[in-house]
Structure formats: structure tokens, C-alpha cells
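Reading through the C-alpha cells given below for one structure.
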Amino acid sequence: MRTWLVWRISMKVEHTIIWVSGGELFDRILDRGVYTEQDASKVIKQVLEAVSYLHKNSIVHRDLKPENLLFYSAEENAKIMVSDFGLSKTVENGVMSTACGTPGYVAPEVLAQKPYSQAVDCWSIGVITYILLCGYPPFFEENETLLFSKIRRAEYAFHSPFWDDISDSAKDFIGNMMEKNPTKRFTTEQALKHPWVAGNAAKDVDIYQSVCEGMERMFAKSKWKRAFNAAMAVNHFKKGGIFQSAPAPSPSSLPCATVQSSSQKDCEMSDDVDPNGNLIPDSGNLSSSIPVENVCAHLRVHPAGNSTKEDVQFRPSTRSAESVASYSVRPP
């Protein structure tokens, strides 16, 4: 939904909203018969334009992810709308310290409990771009300690064969968006000028099959995904801190993929495991009894680096259609 008009009557504030009916980004991709880099580039360009508009108005979203990218309508050329501003913040000095976001999309500096800027949104756009081009996320671990460790080191790879047909320009764009050092990371304005977005560098080769395979394996196991993220959120709440977690029992794994940094060569990956070499569990063997919608504790990082249970905010990376956020923004 999008805020259309705001009326203030006495002590009462009313929003007039418009319904966004086009569905989520991934659903639209899976429904297509053909999908290319150029399609992904057009989506990312719209997201960059919307986030650039936010940044120019001193607003940082802080929870950008594919689930929060919705199509305005069901029409073929419908515009992308950025939704769910529950964690967004208006900043005057450009610096924030609250640790919040979604596992897998949060920037390294947030996990390092350092003051951060609007550059965290650009990191998230880099993660989204990565997923749009291969179907699976750059960082994925059941063990939250390993997950956060890989994110903090910006440790990811362009695995073969999934990235064999992807252009070097796309990989360069992702590398600049997912730069570990936020001062060297692309801004939205720089990203909009990159050849993969502004030029003709994006390939017109159909990658639909490989992307759909990745999406179905990594995201279609909705019961497992909800249980995994709910469990992570509950663990964080119980511990009262976001980054001091005891290692959880890991599933059986086949170390067929060597996870490398973005500067290293591509690596081979087995079809039987996820991109990080972990055996993908059957959703039927995992409990999904924890209501994800009720898991939302708040975490605020204090100047001394300490945190309390009452301050914890950790957001699941999935939500039902009924619980989608109420506001969307796009450039006028």
C-alpha cells in the first residue's frame, strides 16, 4: 500500500492509502517464461531510483529485501514499489546505531555494532541483485554465528555453473554494492550510473531456468524458512544480544563448495547442497509451530556495546500477505 493523503483532525491522524495489487517480485519472476539480466537490471534501476529519493530526503529504509519489493499492479510493465517502512528512520546527521534488519540482508557494519549510514541500504540492494541473478542468497547458514561471520567478512562467491552466463559487468556492480567498507561502497547515485544499470552491459540471455531452480530450492521451502527465521529471532531474544551466540548443531553437510571472497575465482557447487555446502533439509522435518508474526523483539546497541533483552529488535525475513507493511514510496 502507498500513503496517498494524510489528514490530521484534532488529535487524530488518518491515512488515505492506495492498494498495491501486483504481488511480490519473486512471484512475478517465477510466473514468467523468460527472464534475463536486462529484466533484473530494470528492476534494480527502479529500486535504486526509489531508494535514492528516500536518501535525498534523509530517510533510510534499513530492511530492503525481495519480500518488500511489490509490483504496483498486475500489468506487465507495472512499476516496482518499495514497502514495509517499519524499521525506516529519518536521520539528520546521517549516522545511526540501532542494530536492526533481516538476517542475510543486513550490512557488515551493522553486525559489527558500529555507527552506520544510509550505505546499509546499498548493501541490501547488492544482496537483492545477487539473488535476482542466480536465485539464491550470497550468505546462507543455519548457524547464525557462521552466517553473521560470513557477512562481516563479505565472504561470498559467484558459483559455477549458476554464474557462468552472467556478465562481468553484473558481477562488478554487485562487488561495488557489497563492498565491505561502507565509505567505498557505491551510493545510489553512483549505482544508477553504472553500465549494468544505465548502459547496455546487461546480457539478453535467458537465465530463467537456473534462477527459478535456485529460488525454488532456497525460498520455496516456506515452512522451513519460517521456522528457521523464527528460531533465530527467539534465540536472539533469549540471549539479549545479537552477536554472541553459541554454535547451534549444524545439519549434515557435503563440503563440495569452497566459499570464497568476491575477489577469488568462481568455485564448483554440488546440486545436492546449498551455495554454502550445507545439505538442504526437508521442510517436513522442521517445526513451523512458532508464529513468525509474533516474533519481533527490539535490539538497540548502546554506546558501550552492551544491550539488554528489552532493547532487542530482530525481524524475520518472511511475512504473510496479510501482514505486509502499510507504506510504500516511489519518486514523484
Side-chain angles (χ1 to χ4, degrees), residues 24-26 29 37 40-41 43-48 50-52 54-55 60-70 80 82-84 87-88 99-112 116-141 144 146-159 162-163 166 170-182 184-188 190-191 194 196-197 207 211 214-215 217-219 225 228-229 232 259-263 274-276 314-318:
E24 292 185 10
L25 176 60
F26 280 173
I29 291 175
E37 262 190 57
S41 175
V43 168
I44 293 301
K45 182 178 182 179
Q46 291 187 63
V47 175
L48 285 168
V51 176
S52 177
L54 292 174
H55 289 180
V60 184
H61 189 283
R62 302 198 298 183
D63 195 27
L64 292 172
K65 53 188 175 182
E67 295 97 320
N68 289 340
L69 302 180
L70 309 176
I80 288 287
V82 178
S83 69
D84 196 344
L87 296 180
S88 64
C100 60
T102 297
Y105 299 91
V106 66
E109 59 267 30
V110 177
L111 297 180
Y116 59 87
S117 67
Q118 57 189 205
V120 299
D121 283 348
C122 294
W123 171 276
S124 299
I125 294 174
V127 175
I128 293 170
T129 306
Y130 184 103
I131 297 172
L132 288 178
L133 292 176
C134 67
Y136 60 83
F139 309 104
F140 191 88
E141 288 287 347
E144 61 187 51
L146 294 177
L147 173 66
F148 291 146
S149 177
K150 288 184 176 180
I151 295 174
R152 290 179 65 175
R153 296 194 304 270
E155 188 179 273
Y156 64 96
F158 300 115
H159 308 93
F162 299 95
W163 287 87
I166 303 302
K171 296 174 184 177
D172 180 73
F173 175 80
I174 292 171
N176 281 292
M177 297 299 284
M178 294 175 61
E179 163 63 46
K180 179 180 176 181
N181 186 339
K184 297 180 180 180
R185 193 177 303 153
F186 265 11
T187 63
T188 54
Q190 289 175 308
H194 191 277
W196 190 76
V197 175
I207 56 174
V211 170
M215 286 185 178
R217 291 176 59 199
M218 299 302 295
F219 293 94
K225 185 174 66 170
F228 167 53
N229 286 288
M232 288 182 66
V259 179
Q260 305 169 343
S261 66
S262 57
S263 61
D274 67 30
N276 289 314
F314 203 75
R315 172 165 289 199
S317 65
T318 179

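Taking CD of Glu24 as the start and NZ of Lys65 as the end, the distance is 9.5 Å to the nearest 0.5 Å. Going from atom CE of Met178 over to atom OH of Tyr130 covers 7.5 Å, rounded to the nearest 0.5 Å. Rounded to the nearest 0.5 Å, atoms CG (Leu111) and CZ (Arg153) are 12.0 Å apart. To the nearest 0.5 angstrom, Phe158 atom CZ is 6.5 Å from Lys171 atom NZ. The CD1 atom of Ile29 sits 8.5 Å away from the CD1 atom of Ile207 when rounded to the nearest 0.5 Å.
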Using the rule given for side chain to side chain contact (heavy atoms under 4.5 Å, CB included), can you reason through Leu70 versus Leu25, listing the C-alpha separation, both sets of side-chain angles and the distance that settles it, and then say yes or no? CA-CA 6 Å; Leu70 309 176; Leu25 176 60; over 6 Å; no
Does the side chain to side chain contact (heavy atoms under 4.5 Å, CB included) test come out yes or no for Ile174 and Tyr156, once each step is laid out? CA-CA 11 Å; Ile174 292 171; Tyr156 64 96; 4.2 Å; yes
Checking side chain to side chain contact (heavy atoms under 4.5 Å, CB included) for the pair Leu133/Trp163: CA distance, chi angles, key distance, verdict? CA-CA 8 Å; Leu133 292 176; Trp163 287 87; 3.8 Å; yes
Applying side chain to side chain contact (heavy atoms under 4.5 Å, CB included) to Asn68 and Thr102, what does each step give before you reach the verdict? CA-CA 11 Å; Asn68 289 340; Thr102 297; over 6 Å; no
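Taking each heavy atom of Phe139 and Gly104 in turn, the nearest pair found is CD1-O, 4.1 Å. A pairwise comparison of heavy atoms in Trp196 and Glu37 identifies NE1-OE1, 2.8 Å as the closest pair. Heavy atoms only, all atoms of each residue included: Val60 and Gln118 are closest at CG2-CB, 3.7 Å. For Leu64 against Ser124, the heavy-atom pair with the smallest separation is O-CB, 3.6 Å. Contact record, Ile44 with Thr129: CD1-OG1, 3.3 Å, taken as the closest heavy-atom pair. In plain terms, the two heavy atoms of Ser83 and His61 that are nearest each other are O-NE2, 2.9 Å.
Between His159 and Tyr136, the ring-plane angle classifies as tilted under the 30° and 60° cut-offs.
Between Pro108 and Trp123, some side-chain heavy-atom pair lies under the 4.5 Å cut-off. Using a 4.5 Å cut-off on side-chain heavy atoms (C-beta onward), Cys100 and Val106 make no contact.
Thr188 pairs by the side-chain contact (heavy atoms from CB on, under 4.5 Å) definition with Leu48, Val51, Ser52, His55, Cys122, not counting sequence neighbours.
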